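First comes the structure, then the notes that go with it.
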Amino acid sequence: MNEHVPSHFIEEIIENDLKKSVSRENLRFRFPPEPNGYLHIGHAKAICLNFELSRKYGTSINLRFDDTNPTKEGQNYVNSIKKDILWLGFKWDKECYASDYFEQLYQWAKKLIWKGKAYVDEQSQEVILAQRKTPFEAGIESPYRRRSIKENIELLERMRAGEFEEGQYVLRAKIDMNSPNMNLRDPIMYRILKKSHHRIGKKWCIYPTYDWTHGQSDYIEQISHSLCSIEFENHRPLYNWYLDQIYEDGKIKPRQCEFSRLNLSYTIMSKRKLQRLIEKKYVQGWNDPRLPTLSGFRRRGYSPEAIREFCNKIGVTKRDNVVDISLLEFSIRKQLNKTAPRVMVILDPIKLVIENYPPKYGIRNLPFSKRLYIEREDFMEVGSKKFFRLCLGGEVRLKNAYIIKGISVIKDYEGKIIEVHSFYDYKSLSGSNTKESLRKIKGTLHWVSSEHSIKVEVRLYDRLFSVPFPDGNKERDFMDFINPNSLKVVQGYGEPSLREAKKGNIFQFQRLGYFCVDPDTYKERIIFNRTVTLKDSWKKVKQ
RNA sequence: GGACCCGUGGUGUAAUGGUAGCACAGCAGAUUUUGGUUCUGUUAGUCGGGGUUCGAUACCCUGCGGGUCUACCA
C-alpha cells in the first residue's frame, strides 16, 4: 500500500530511477558491515532502511561483509553481526564477502594498469601523504607516476607473489593530484599486508582498500542502490570513477546514495569510543545493557519490534541530527505496556504491619499476610495534599488487596522508621464488589508479603552519560561525562510467582518499570535488568 | 583558504510553487484499584538579507551557521 508515496528522499531517488533507467526487477540492495565490531542502533537504522526497501520493492538484498582489512577483522564479529540482524527480524538473500572478489579485483586492477590508469608507487607512506598536500593547495605528482605499463604489471605481480615487505610498494590509481577532492589525489588501491585473513587465510598478501573494493563489489552483485552514510559523500566521485573504468554495457551501474547517520542523546555511537568504554571497564562488554549496541539492547530487554518502530519513526535525511532518547523509550514502553505481565516487587522495602489482620489468611496466587513490604518512598508520617500515598491517619489501597489506614510507626535509635503499623478494612477486598471495596481511594501501593516474598537481584540501569551530547564538546573528552550512577544494584523482594521466571522473560514491576530476566540468572538467584522506568509524573511534582 | 553536503517548534520529521502538518518531549484537564495506560486540549517553528512569482519552507543570488574531506581504516 502507498507504494507510490515515497516516505523519504532515497525512495524518491529510486522512484525516479524506476521512471528512467532501472526496471523494477533490477532493483537490488545490500547491507555491507565491516566485521570489526558489534552492531549498534545506528547500524539498525541502515539495516531497516535497506531491508525494508527490498521488502517494499519485492527484490533481493545481500549481506556483504566488507572484509578488506585483516588486521582489524575477525570471525567472531561476523557471527555476532549475523546474529544481531536475524534478531532484528531480517533475513538476507545471499551472504557475500568482499574477500571472495579479490581475484576479480586483482584482474580489474591489471586492466587499469593497461589503460594507463594505475601505477605502482614505491615511496614511503610519509612521502605519499606529504605530496598529497592539503585540500587548499595542489598536490605533487609521484616520480613513479610515469612508470611503464610493463614494469607496473610486473611489480604488481611481484607484490602479489610476496616478494616485497609491507609498505614497500602500493598500487595507486592515476587520477588527479590537483583535485580539490582529496580522494581523487591518486588514491591507494592495494597495500601489502602480510597478515592472515579470518576467512581466506594466507591466500593474499596484498589487500584492496575500501574504495577500490566497495563499488566493484556492488557492481559484481549488481546492486542498484548502494546506500551509505554521509561521510562517504566525498568518496562518490571516486566510486563512480572506478566503476567507469570497468563498466560494461548492459550491466547495472550501482548508484551510491548517502544519508545521515543516527545520533542518540545521552549516548555515543562511535565503535572506537565504545571500545574505549569496554577496555577501561566502565561497562562490562559489548553487550552491556547500557550500551547502544544491539546486543546491549537485547540484554536490556528491548524488543526488535520496538527498535524497528523507532528506526521507522526517525526518518531518513541528510541533515545532522540528534534523536532524543525518549523517543526510543517511548517505543519500548508502548510495546511492553501491551505485552508485559504485571507483577509486584519492592526495591527499597519498609515493613508494614496490619495489626488487625488475622495471621493465616491469604489471597490465591498472591499471598497476602499480616506483615508486608512496601516501598519506603510510599510512606510519609505527615502527608500533604499532593502526596496521595500512605501516611499516618491516611488511607491507601494495597493493589489487588485491601484498603488500609496508617496508625503508627516504630523508629530505631537514629529516628529512622523501621516499621509502619496499620489497620485494614476486611470488607474492602479488591474485586469483592462490596460497598467498602468500591470506595474511591486516591492512592494505590504495590506490596509483597514479607514471609512469602523471594529475594531477587535488580540491576537499575540509567543513562550512560549525564549530558545530552557527550560527544558534542570539542574541549572535553566524552569520558568526562560518564554518569557515575548508570548502574545501581539492589536486592528486591518479589512476589513468589517470580520463582518461575525464565531468562529473557520481561515483566512490568507495577508502578516501577519494565524488567527482564538477565542471562546471568541461575537457580537460586534471579537477576532482573531494568529495561526502562514507567513514566513518572510524581517525580516532577516532588522536585 | 578550497570542494562537497545540510539548515522547518526543545528534538526528529512532513509539506516537491498554493491553509506550515505529524510524532516525541513539555504544559493543562478528564478517566483510572499502577502518579502507569487511555482520552482531550495546549505552548512552540521555516537561519538572515535580497531576487523571481499573483503567491516561496520549496527556485535563484548572497550572507551566516553546522557537517564532511588533508588514512596504505571502513
Side-chain angles (χ1 to χ4, degrees), chain A residues 6-9 12 32-34 36-37 66-69 71-73 121 124-125 128-130 132-139 166-167 169-172 179-185 187-193 206-207 209-211 213-214 228-237 258 260 262 265 271-272 313-331 333-334 337-338 342 344 386-389 396-401 403 428 430-431 437-446 468 508-513 533-542:
Chain A
S7 55
H8 48 70
F9 80 100
E12 230 166 277
E34 186 193 12
N36 72 340
D66 229 332
D67 53 349
T68 57
N69 185 356
T71 62
K72 291 184 176 172
E73 297 154 6
D121 202 342
S124 71
Q125 184 168 1
I128 291 175
L129 288 185
R132 264 212 272 261
K133 298 280 189 176
T134 68
F136 324 110
E137 53 191 332
E166 286 189 11
Y169 288 91
V170 288
L171 183 70
R172 292 228 257 168
S179 173
N181 184 336
M182 297 301 282
N183 296 120
L184 263 18
R185 315 255 270 218
I188 309 295
M189 294 171 69
Y190 276 100
R191 72 277 211 200
I192 297 170
L193 290 173
I206 56 172
Y207 287 90
T209 53
Y210 165 84
D211 286 305
T213 306
H214 200 91
C228 62
S229 46
I230 208 89
E231 66 270 28
F232 292 104
E233 209 159 28
N234 292 338
H235 292 240
R236 180 151 32 101
E258 311 84 15
S260 38
L262 166 68
S265 63
K271 265 188 220 176
R272 223 193 71 250
K313 275 208 168 109
I314 58 176
V316 182
T317 67
K318 299 183 77 158
R319 314 172 199 143
D320 283 354
N321 63 83
V322 183
V323 177
D324 195 326
I325 187 97
S326 66
L327 185 61
L328 216 211
E329 293 175 345
F330 171 78
S331 299
R333 283 194 189 108
K334 184 177 163 190
N337 177 47
K338 286 184 281 196
R342 317 277 134 137
M344 293 199 278
K386 287 275 179 67
F387 183 84
F388 33 95
R389 302 180 179 187
V396 81
R397 156 85 58 192
L398 293 176
K399 180 87 182 158
N400 300 123
I403 295 169
S428 68
S430 290
S437 75
L438 295 173
R439 281 169 57 213
K440 297 281 175 210
I441 299 289
K442 187 76 175 161
T444 302
L445 307 187
H446 62 287
Q508 187 196 94
F509 290 3
Q510 290 190 98
R511 300 211 303 135
L512 297 174
T533 60
L534 256 33
K535 270 181 80 174
D536 186 359
S537 47
W538 164 240
K539 201 164 69 188
K540 286 168 201 151
V541 177
K542 268 196 305 190

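The model shown is predicted, which means the values in this text are computed figures rather than measured ones. Lettering of chains follows the sequences in order, A, B, ..., and the numbering in each one begins at 1.
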In whole angstrom, give the distance that lies between atom [atom1] of [X] and atom [atom2] of [N].
| X | N | atom1 | atom2 | value |
| --- | --- | --- | --- | --- |
| A:Met182 | B:C69 | CE | P | 12 Å |
| A:Met189 | B:C72 | CE | C1' | 13 Å |
| A:Gln125 | B:U70 | CD | C1' | 14 Å |
| A:Arg333 | B:U37 | CZ | C1' | 12 Å |
| A:Tyr190 | B:A71 | OH | P | 22 Å |
| A:Glu258 | B:A74 | CD | P | 18 Å |
| A:Glu329 | B:A23 | CD | C1' | 16 Å |
| A:Asp324 | B:G9 | CG | C1' | 14 Å |

On a whole-Å scale, what distance lies between the [atom1] atoms belonging to [N] and [M]?
| N | M | atom1 | answer |
| --- | --- | --- | --- |
| B:G45 | B:G10 | C1' | 11 Å |
| B:U19 | B:G55 | C1' | 13 Å |
| B:A28 | B:U43 | P | 14 Å |
| B:C73 | B:C4 | P | 28 Å |
| B:G65 | B:U8 | C1' | 15 Å |
| B:A3 | B:U53 | C1' | 33 Å |
| B:U70 | B:C27 | P | 44 Å |
| B:U33 | B:U42 | C1' | 30 Å |

Check every strand shown and say whether [X] touches a base, only sugar-phosphate, or nothing at a heavy-atom separation below 4.0 Å.
| X | answer |
| --- | --- |
| A:Lys334 | nothing |
| A:Asp320 | sugar-phosphate |
| A:Gly443 | nothing |
| A:Phe387 | base |
| A:Gln508 | base |
| A:Glu34 | sugar-phosphate |
| A:Ser229 | nothing |
| A:Ile403 | nothing |

- Note on the structure: Assign each of A:Ser7 and A:Lys133 the nucleotide of RNA chain B bearing its closest heavy atom; nearer the 5' end lies the nucleotide of A:Ser7

- Assign each of A:Thr444 and A:Lys72 the nucleotide of RNA chain B bearing its closest heavy atom; nearer the 5' end lies the nucleotide of A:Thr444

- Donor/acceptor link under 3.5 angstrom from A:His235 side chain onto base of B:A74: yes

- Is there a donor on the side chain of A:Asn400 or the base of B:U33 sitting less than 3.5 Å from an acceptor on the other? no

- Message: Tell me every residue that passes side chain to side chain donor-acceptor pair (under 3.5 Å) with A:Asn234, counting only those two or more places apart in sequence or in another chain.
- Response: none

- Item | Short N-O contact, A:Lys318 and A:Glu233, less than 4.0 angstrom | yes

Of the candidate nucleotides [options], which contains the atom at the shortest distance from the side chain of [X]?
| X | options | answer |
| --- | --- | --- |
| A:Phe232 | B:C69, B:A74, B:C72 | B:A74 |
| A:Arg342 | B:A74, B:G36, B:C72 | B:G36 |
| A:Thr68 | B:G36, B:U33, B:A74 | B:A74 |
| A:Arg389 | B:U13, B:G35, B:A74 | B:G35 |
| A:Asn337 | B:G35, B:C72, B:G36 | B:G36 |
| A:Phe388 | B:A74, B:G35, B:U32 | B:G35 |
| A:Leu534 | B:U34, B:G1, B:A74 | B:U34 |
| A:Phe136 | B:C24, B:G1, B:C72 | B:G1 |
| A:Ile314 | B:G12, B:U33, B:G2 | B:G12 |
| A:Asn69 | B:U37, B:C73, B:G66 | B:C73 |

- Message: Run the side-chain contact (heavy atoms from CB on, under 4.5 Å) test on A:Asn69 and A:Asn36 for me, step by step, so that the C-alpha distance in whole Å, both residues' side-chain angles and the decisive distance to 0.1 Å come before the verdict.
- Response: CA-CA 9 Å; A:Asn69 185 356; A:Asn36 72 340; over 6 Å; no

What is the distance from atom [atom1] of [X] to atom [atom2] of [Y], rounded to the nearest 0.5 Å?
| X | Y | atom1 | atom2 | answer |
| --- | --- | --- | --- | --- |
| A:Ile188 | A:Ile128 | CD1 | CD1 | 4.5 Å |
| A:Leu534 | A:Leu512 | CG | CG | 7.5 Å |
| A:Glu73 | A:Thr68 | CD | OG1 | 5.5 Å |

I want to check one thing: is the phosphate of [N], taken as OP1 and OP2, less than 4.0 Å away from some side-chain N or O of [X]?
| X | N | value |
| --- | --- | --- |
| A:Ser437 | B:U33 | no |
| A:Arg511 | B:U33 | no |
| A:Lys440 | B:U33 | yes |
| A:Arg319 | B:U13 | yes |
| A:Thr317 | B:U13 | yes |

- Message: Both atom distances under 3.5 Å, Watson-Crick or G-U wobble: I'd like the secondary structure of RNA chain B as a dot-bracket string, with | for pairs made across strands.
- Response: .((((((..((((....[..)))).(((((.......)))))....(((((..]....))))))))))).....

- According to the 5.5 Å centroid and 30° plane-angle thresholds, does A:Tyr210 stack upon the nucleobase of B:A74? no

- Would you please test A:Lys313 and A:Phe330 for side-chain contact (heavy atoms from CB on, under 4.5 Å) and show each step? CA-CA 11 Å; A:Lys313 275 208 168 109; A:Phe330 171 78; 3.4 Å; yes

- Item | Closest non-hydrogen atom pair, A:Asn321 against A:Ser260 | ND2-OG, 3.5 Å

- Is it the case that A:Ser179 and A:Asn181 place a side-chain donor and acceptor less than 3.5 Å from each other? no

- Task: Output, in order, the C-alpha distance, side-chain angles, deciding distance and verdict of side-chain contact (heavy atoms from CB on, under 4.5 Å) for A:Asp211 and A:Met189.
- Result: CA-CA 7 Å; A:Asp211 286 305; A:Met189 294 171 69; over 6 Å; no

- Among A:Arg333, A:Glu329, A:Lys539, the one residue meeting side chain to side chain contact (heavy atoms under 4.5 Å, CB included) with A:Thr533: A:Arg333

